[in-house]
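Following: one structure in structure tokens, then a few remarks.
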2 protein chains.
Amino acid sequence: MKPDEMDAVFAALASEPRRRILDILKKEPGCNVNRVTEFFGDMGRIAVMKHLAVLEGANLVISEKVGRERQLWFNPVPVHMIYDRWTTEFSAYWAGQLARMKYRLENAPVPIDRKKRGGSRG
Amino acid sequence: MKPDEMDAVFAALASEPRRRILDILKKEPGCNVNRVTEFFGDMGRIAVMKHLAVLEGANLVISEKVGRERQLWFNPVPVHMIYDRWTTEFSAYWAGQLARMKYRLENAPVPIDRKKRGGSRG
DNA sequence: TTCATATGTCACCAAAAGGTGACATATAAG
DNA sequence: CTTATATGTCACCTTTTGGTGACATATGAA
């Protein structure tokens, strides 16, 4: 997966309305643009079409024109590819860091022992 | 994980330079801003600081000021959370769709059989 | 043809992202 | 003190994003 493709997928997913569109397409595979628009009370058709264009650019949505309608489909492949990448790329890092940081991850960073900076209190 | 947090994480990851910064921090944990900047020939310090602000906003980077330096750390927790979410949310969908679409995923969408539209010529 | 529907395209606008240089502040070193 | 280093902050600029309405096109129906 090339960097540009990753950019497109992450950027597409970095939007609540777009993630919501994916949910809609998961629930109603093959529905058309106006049907998707119905789910949004605060957004018009053109905005929905732009979001769909972003999603199609990331290959997260596939469309096919049937008559005057455009049928829309969620494509899970890019998500799966990132998922695969993370399992391989990050698992080693997680293992190493988790062993080093134990369960302190969410709480505080682990300062490097460059200089002695007073004792830890508690 | 709230929608806003997901937005922040995905938006932060939707940038090649930012993903590169994370790689740098994985390789050199605790290094400072200027050190990170050295890796970029086409970007200045202020731009790097803005990227770091985005990454910190997504909690993908944690920093700690030590003396006049700012030590930077990669935090894998948000990635892990999305990873976890995907394993649960998408696995069922993948199983169902993969069974239905078989290996045709990358190639073509699967049109719903709403109207009979001539025979497939292949 | 005529009318309704579904989508595509265009110009336009406001806000956010992504970059810069100039300057201020804080710390280390002499 | 002075000087160098590391970072923070500010105004400014350009490009992209995200939204709109008006209008054009394509299809379905009568």
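Letters A, B, ... are given to chains in the order of the sequence lines, protein chains preceding strands, and every chain is numbered from 1. What you see is a predicted model, and the numbers here were worked out from it, not measured in a lab.
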D:dG8 base to B:Arg45 side chain: any donor-acceptor pair below 3.5 Å? yes

Atom-pair distance (CD1 on A:Ile21; C1' on D:dG18), nearest Å: 12 Å

Give a yes or no on whether the backbone of B:Asn59 and the side-chain of B:Asn75 come within a donor-acceptor separation of less than 3.5 Å. yes

If you compare every side-chain N and O of A:His51 against the phosphate oxygens of D:dT17 (OP1, OP2), does one of them come in below 4.0 Å? no

Please work out which residues in residues 6-19 of chain A have a non-hydrogen atom less than 4.0 Å from an atom of DNA chain C and list them by number. none

Value in whole Å for how far the C1' atom of C:dG19 lies from CG of B:Leu52: 15 Å

Side-chain contact check for A:Arg70: nearest option of D:dA6, C:dG8, C:dA6 is C:dG8

Separation of C:dT27 atom C1' from B:Glu69 atom CD, nearest Å, is 10 Å

When you check the gap from the basic side-chain N to the acidic O, do A:Arg19 and A:Glu16 get nearer than 4.0 Å? no

Taking the side chain from B:Glu69 and the backbone from B:Val66, do they hold a donor-acceptor pair closer than 3.5 Å? no

Report the distance from atom CZ of A:Arg35 to atom P of C:dT5, rounded to the nearest whole Å. 17 Å

State which of C:dA6, D:dT7, C:dT9 makes the closest approach to the side chain of A:Met49. C:dT9

Rounded to whole Å, please give me the gap between CZ in A:Phe40 and C1' in D:dG19. 14 Å

Evaluate B:Trp73 against B:Leu25 for side-chain contact (heavy atoms from CB on, under 4.5 Å), listing each step before the verdict. CA-CA 6 Å; B:Trp73 311 83; B:Leu25 296 187; over 6 Å; no

Between A:Asn32 (CG) and C:dA4 (C1'), how many Å, whole number? 15 Å

Of the listed nucleotides D:dT7, C:dT7, C:dG21, the one nearest the side chain of B:Ile46: C:dG21

Any N or O donor-acceptor pair under 3.5 Å from the base of D:dT5 to the side chain of B:Arg68? yes

Could A:Arg20 and A:Phe40 be counted as a cation-pi pair, given that NZ or CZ must be under 6.0 Å from the ring centre and within 45° of the axis? yes

With no hydrogens and no angle check, is any side-chain donor or acceptor of A:Ser15 less than 3.5 Å from a backbone partner on A:Ala12? no

If the test is salt bridge (Lys or Arg N to Asp or Glu O under 4.0 Å), which one of B:Arg70, B:Arg18, B:Lys50 qualifies with B:Glu56? B:Arg70

For C:dT7, does either OP1 or OP2 sit under 4.0 Å from a side-chain N or O belonging to A:Asn34? yes

Among the candidates C:dT7, C:dG18, D:dT7, find the nucleotide nearest to the side-chain atoms of B:Lys50. C:dG18

